[in-house]
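Worksheet: the structure to be examined is printed underneath.
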Protein chains: 2
Amino acid sequence: MKIKKEVTIYDLAKELNYSPSTISRALNNHKSISKKTIKLIKEAAEGMGYRPNNLAAGLRNNKSNTIGVLISRINRPFMASLISGIEETARKAGYNVLISQSNDMYENEVSNCNALYDSRITGLIVSLSMETVDMAHFQKFIDQGIPIVFVDRVPDNFNSYKVVIDNYTAGYSATKHLIDQGCTRIAHFAGAQHRNIYEERKKGYLDALRESGLPIRDELIIHFKTLSFEEGNKATKKLLKMPEPPDGIFSANDTAAVSAIMCAKKMGVEVPQELAVIGFNDDPIASIMQPSLSTVSHPASKMGAISAKRILNHSGQNYDADLTEITVLGTEIIVRDSSLRRARLLRSKTS
Amino acid sequence: MKIKKEVTIYDLAKELNYSPSTISRALNNHKSISKKTIKLIKEAAEGMGYRPNNLAAGLRNNKSNTIGVLISRINRPFMASLISGIEETARKAGYNVLISQSNDMYENEVSNCNALYDSRITGLIVSLSMETVDMAHFQKFIDQGIPIVFVDRVPDNFNSYKVVIDNYTAGYSATKHLIDQGCTRIAHFAGAQHRNIYEERKKGYLDALRESGLPIRDELIIHFKTLSFEEGNKATKKLLKMPEPPDGIFSANDTAAVSAIMCAKKMGVEVPQELAVIGFNDDPIASIMQPSLSTVSHPASKMGAISAKRILNHSGQNYDADLTEITVLGTEIIVRDSSLRRARLLRSKTS
DNA sequence: TAAATATACGCAATCGATTCCGTTAATTAT
DNA sequence: ATAATTAACGGAATCGATTGCGTATATTTA
């Protein structure tokens, strides 16, 4: 199989008797090239099958019109939607998207970070791995004026753009909802506390209890490593075997919440009557499973779009590391069957 | 914020009194450079914060160590797992991954195709959009010797690497399973028939019926456009209102199967006793919902890994368009509650 | 009509890494 | 001890697009 020679602006220049400069300017709609010439050149480019070489342009301009994405895992509903939002926004602006996943390991995050840097990305969108504490691997981007947008799992000791949800309020509202449903012994499935989103959710949980005059019982607060299905299963089993088991669970994610419900069912514990459950994320599962899972919905795709826009808007202006714009998005408590104990009661009240 | 100057091999050359050629060779472990010099140069590079510029290297070599991915949508469980498999394999080999989604529109597929080409990707992994018929936009990759791997939704009129599952057998087995469970009026939710995966699944369905001597009833074969939840809902409602409703459904994806089950429940139709359902894909929902959904499992992540490996292996050798290696992976029928009518009967038979 | 300005384009350097040819010095073979 | 290798490195062109500066022609202004 012979490889065809690629058409470059030099080929176009020779063919049309123009200089490469003129070809380049014409293809970029430069104002000093006449409309007629631009049309002529563009048509010839199309006809000869010319395709720009991003590598060459990128080298010259020292950037690649590419947004780098650094997340923990792609195949999580939230992350997939986030990426989808990023890709859609970037694509519309003519940007490409490079992805990489850390699998929640610090070491991978660092090496992926370097790989993305080596590709001279225009900006970086990051959701931190579970392990990450040290932030030094991001410094080189700042030094080069490459914008970083932290999404969802953000650092609190690093100045940069951030796009987050109000985890505190969400945690507070979710817990308050359970209290409103008559729960008095509410357990919490907490995530790794050095990741601020989990810390905030827990704070919200604690404050909701305090405000309602409910005691805080340490034995009802379970600290998870990864909030996995297995972990959730184990934790639920343990909780339900306690002499005074909880009558409600606020889980920091849906996966663990689902496992709690399934475990409860297996153990013959009625949901929501004996155990009300609310999760976090509004994964697709939540609305399908039975009983359907109450949860906190996350505008994942929108967060992706906003993050991408941050980077797109950034280009042109000089990067000011002191200017840290933080976007905080609202969440929504989605009440479904897994926590709805007082449906009729509430309805009769309002009517 | 001042931008630090980047360190290049020229800076290293000046600092260490070597030529740029030597620096480059040392960093690439070229055999004509002494071990001692390599160590010296690498340490200095590390110390001075040198980072290679992929754009420059890519321009010179006319490739970017990047794999391009062109799929319909990222936030589908199957696709997210596919990408995850691709990314993991590519990353290990030092390759980056560029992603783009067509949202199942031909026009987007073409423009994304061009965008990826412009970035001089090393290889392309594609799952076709629902709309795609014309394949001309892929020709330029072939002309340049850039390998293309089609995954899952593959063309049948284009020579290239392909990674697929045996959709015919899967469709046959799924239908056979329903027949074994005593179903005699089995409906099929079919996908767009110009996408071969759906065509094959339907063929398997038809042959299973024929082989068992069951009649093929056109009114029980519903042709979907996108196999969405809404479409599934509508179709199920219609089917169940028929004078002689089906007693089984084989859906070409899980989403529509889930909608069928939920619709049946709403209409008071018992699953699986009155209506047995089997889906396709083994989405996370399948095992969680109630009744749990029988389905065909798809080795998504593995398909991604294999696709990436195809491209990695390809480099070096000359591309031979006549050599079209097709990888066919097996599937597994996952029997869960939604189709299990004869559980006890079967068990007593085997024991 | 001469001067001033605008229009439309060309020249050549540049981005950073790679690699084909050398060249020099060190080692081995005879 | 001299020729023949080998090892270790340098020079300079190259990849393709961009852009500051320069120039010739056309157009406008006074």
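Numbers restart at 1 for each chain; the letters A, B, ... are given by sequence-line order, proteins then strands.
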Sugar-phosphate atoms are those with a prime plus P, OP1 and OP2; base atoms are the rest. Using that split, label each nucleotide of nucleotides 14-23 of chain C B, S or - for protein heavy atoms under 4.0 Å, 5' to 3'. BBBBBBBB--
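Proximity of a side-chain donor or acceptor of A:His314 to a complementary backbone N or O of A:Gly123 within less than 3.5 Å is not detected. Judged by distance alone, the side chain of A:Thr37 and the main-chain N or O of A:Ile33 form no donor-acceptor pair under 3.5 Å. A:Asn75 places no side-chain N or O within 3.5 Å of a backbone atom of B:Ser81 that could act as its donor or acceptor partner. Looking only at distances, no side-chain donor or acceptor of B:Glu109 sits under 3.5 Å from a matching main-chain atom of B:Leu128.
If you measure from atom CD1 of A:Ile23 to atom C1' of C:dG10, you get 12 Å, rounded to the nearest angstrom. For B:Lys31 and D:dC9, the NZ to P distance is 14 Å, given to the nearest whole Å. A:Ile33 places its CD1 atom 17 Å from the P atom of D:dA26, with the value rounded to the nearest Å. Rounded to whole Å, the distance from NZ on A:Lys35 to P on C:dA6 is 18 Å. Distance CG (B:Leu16) to P (D:dC9): 12 Å, rounded to an integer number of Å.
Look at A:Arg310 and A:Glu325 and you find a salt bridge, because one of the NZ, NE, NH1 or NH2 atoms lies within 4.0 Å of a carboxylate O, short of that distance. Classification of B:Arg73 and A:Glu88 as a salt-bridged pair fails, no side-chain N sitting under 4.0 Å from a carboxylate O. Looking at A:Arg120 and B:Glu6, a side-chain N of the basic residue comes within less than 4.0 Å of a carboxylate O on the acidic one, giving a salt bridge. B:Lys39 and B:Glu43 are joined by a salt bridge, as a carboxylate oxygen and a charged side-chain nitrogen come within less than 4.0 angstrom of each other. A salt bridge links A:Arg153 with A:Asp104: the distance from a Lys NZ or Arg NE/NH1/NH2 to an Asp or Glu carboxylate oxygen falls below 4.0 Å.
Across all strands, A:Asn17 comes closer than 4.0 Å only to sugar-phosphate atoms, never to a base (heavy-atom distances). Residue B:Ser34 is in sugar-phosphate contact alone, with no base atom involved, counting any heavy-atom pair closer than 4.0 Å across all strands shown.
The side chain of B:Tyr18 contributes an N or O atom lying less than 4.0 Å from OP1 or OP2 of D:dC9.
One axis for each end of the helix from C:dT1-D:dA30 to C:dT30-D:dA1, each built from five base pairs, and the angle between them comes to 30° at 10° resolution.
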